[in-house]
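Report on one structure; see the data block that follows.
Chain A is the first sequence line, chain B the second, and so forth, proteins listed ahead of strands; every chain is numbered from 1.
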There are 2 protein chains.
Amino acid sequence: MSAETHSAPRTARELARAELTRAIKQSASEQLAEVGPSALSLRAVARALGMASSAVYRYFASRDELLTALIIDAYNSVGEAAEQADAQAKAEGHPPTGRWLAVNRAVRAWALANKHQFELVYGTPVPGYAAPQDTTVAAARMPLTLVGIYNEAHPEFPADRPQPEPGLITETIAELITVPEGRGRLILAWSGLIGVLSFELFGQFNGVVTDYAKYFDYTARATAAELGLG
Amino acid sequence: MSAETHSAPRTARELARAELTRAIKQSASEQLAEVGPSALSLRAVARALGMASSAVYRYFASRDELLTALIIDAYNSVGEAAEQADAQAKAEGHPPTGRWLAVNRAVRAWALANKHQFELVYGTPVPGYAAPQDTTVAAARMPLTLVGIYNEAHPEFPADRPQPEPGLITETIAELITVPEGRGRLILAWSGLIGVLSFELFGQFNGVVTDYAKYFDYTARATAAELGLG
DNA sequence: TCGTAAACGAGAGCACTGCTCTCTAATTGA
DNA sequence: TCAATTAGAGAGCAGTGCTCTCGTTTACGA
């Protein structure tokens, strides 16, 4: 993860480096999808690529750094899925509630299709995790899609419900959510969305819910109603 | 985890076995609290007890089985914390909302005090996890406390909100929640509670929420309002 | 009471992991 | 062309989960 990764490769060596970095990440991603984060082995990745395990350390300083790269990819992956779903729902002329439901469903579909990526991002953090600044911008994409829907909806927020006191939410986030009354609720909806998916994927709903897809739709609709989306 | 563990030990050998099983679990629990589930090492547990690592396998067939034992303990631990908090709030004559808030706070306090146990239970499931029948009864204690509050509250449920269609929730669970209109909401509140705590503990709220304790109180109050608790 | 069967603990060993170090070969820019 | 940097390979270290074997201890029925 040195600087030349982000700049355009000029020499053959830099090109080879960029290509191999990409290949390592892809191979790691495939292994992640198969065995999950905890069982992801740097040696196995090296083996799959036909190189010595020590050589991988020229590209990623540690297993955790490799995982961090995969975390960023995963965040971007959900974010893109959410953005695409919203763009399509918007193009089809759906009202805010429809867009909200579409994005929620897209996130669930992504989670089901990429179970181990979901684990990696929303499950227990990896031991040596540092949460570098690089991840935050990627992590924000999905929730910001939800914020966008809310901001455009001109929601009617019931006045008699509990409000978070001023200053509870970070200034930068508060500015992004232009409808002040919904700030607390929107963040709650976001964590609730992931919470429901965690429960479904991690088996907490075993013997509680019968039809996961339908129950998820219900929760998405319930949340939309609480947000006052039209 | 053989049968004689659960029956009263008669012989000296059975007594020693029960004692050692307990000692292994306790040592493992201490190590869990220090280094977390992923770094819990069976060999280190054996070392701490001054025994050969192979000897531990006489008591727990695998590392996963040891972790499963700790999972059950953790579930009972939260469950007990929740029950105690509710009992005290009830004894103090608090209305349902007060009891709800007390239990929610107790769960959060438990999670903060037992971060790694929370990870173990509500984070990424352990790889070889089986979710045996043993865990379900322990796992149910905390959510059943929430159910109890709700059932006693005679909540007034707003009629115009989305309802889960009949049959979406397991028969056994549906019977436990005596107010049909709140079944979907209550389960949502449960997963939402854990979702918020996951976000707080796993760093997802970094740069979003300023005061975690106050924000948590807000979410608990908001959920209580949605449930129509008095 | 005694002898057999079961349980126990220790140790060696296997295959694997992350990671470091050293050494050689290739590539680079001056 | 040549010194400096970089890549790759291999050996090695310390650790892991788990298995197998081998004596030893305990329990229980004849």
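Side chain of A:R105 to main chain of A:W100: no donor-acceptor pair is present (N/O by atom type, distance under 3.5 Å, no hydrogens or angles).
The side chain of A:R47 places an N or O atom within less than 4.0 Å of a non-bridging phosphate oxygen (OP1 or OP2) of C:dT17. The phosphate of D:dG8 (OP1 or OP2) has no side-chain N or O of A:Y57 nearer than 4.0 angstrom.
Across all strands, B:A16 comes closer than 4.0 Å to no nucleic acid atom at all (heavy-atom distances). No engagement by B:L66 is indicated, since no non-hydrogen atom pair under 4.0 Å with the nucleic acid exists. At the heavy-atom level, B:L49 lies nowhere under 4.0 Å from the strands shown.
The 12-atom threshold is exceeded at NZ of A:K115, counting heavy atoms of other residues, nucleotides or ligands nearer than 6.0 Å.
Both tests pass for A:R17 against the ring of A:Y59: distance under 6.0 Å to the centre and angle within 45° of the axis.
Rounded to whole Å, atom P of C:dG18 lies 14 Å from atom CZ of A:F60. Atom pair B:E14:CD and D:dA27:P shows a separation of 9 Å (rounding to whole Å applied). If you measure from atom CG of A:L20 to atom C1' of D:dG8, you get 10 Å, rounded to the nearest angstrom. One atom, CZ of A:R13, and another, C1' of D:dA4, lie 11 Å apart when rounded to the nearest Å. A straight line from CG of A:L15 to C1' of C:dA26 spans 16 Å, rounded to a whole angstrom. At whole-Å resolution of the value, CE in B:M51 and C1' in C:dA7 are 13 Å apart. In this structure, B:E65 atom CD and D:dG17 atom P are separated by 15 Å, rounded to whole Å. Rounded to an integer number of Å, the gap from CZ of B:R58 to P of D:dC22 is 14 Å.
When the nearest nucleotides of DNA chain C are assigned to A:S41 and A:S54 by heavy-atom distance, the more 5′-ward of the two goes with A:S41. In terms of position along DNA chain D, the nucleotide closest to A:S53 lies nearer the 5' end than the nucleotide closest to the other residue of the pair B:L40 and A:S53.
Ring-centre distance between A:Y218 and A:Y215: below the 6.0 Å cut-off.
Nearest nucleotide to the A:A55 side chain, out of D:dT19, D:dA9, D:dA27: D:dA9. With C:dG9, D:dG10, D:dA7 as the candidates, the nucleotide lying closest to the side chain of A:A52 is D:dG10. When each of C:dT20, D:dG12, D:dG10 is scored by its nearest atom to the side-chain atoms of A:R43, the top-ranked nucleotide is D:dG12. Residue B:A12 places its side chain closer to D:dA27 than to any other of D:dA27, C:dG18, C:dG29. Closest to the side chain of A:S62, from the set C:dA10, C:dT17, C:dC19, is C:dC19.
The distance from the CD1 atom of A:I177 to the CD1 atom of A:I187 is 5.0 Å, given to the nearest 0.5 Å.
Taking 3.5 Å as the limit, the base of D:dG17 and the side chain of B:R63 contain no donor-acceptor pair of atoms between them.
Classification of the A:F199-B:Y122 ring pair by plane angle, with boundaries at 30° and 60°, yields parallel.
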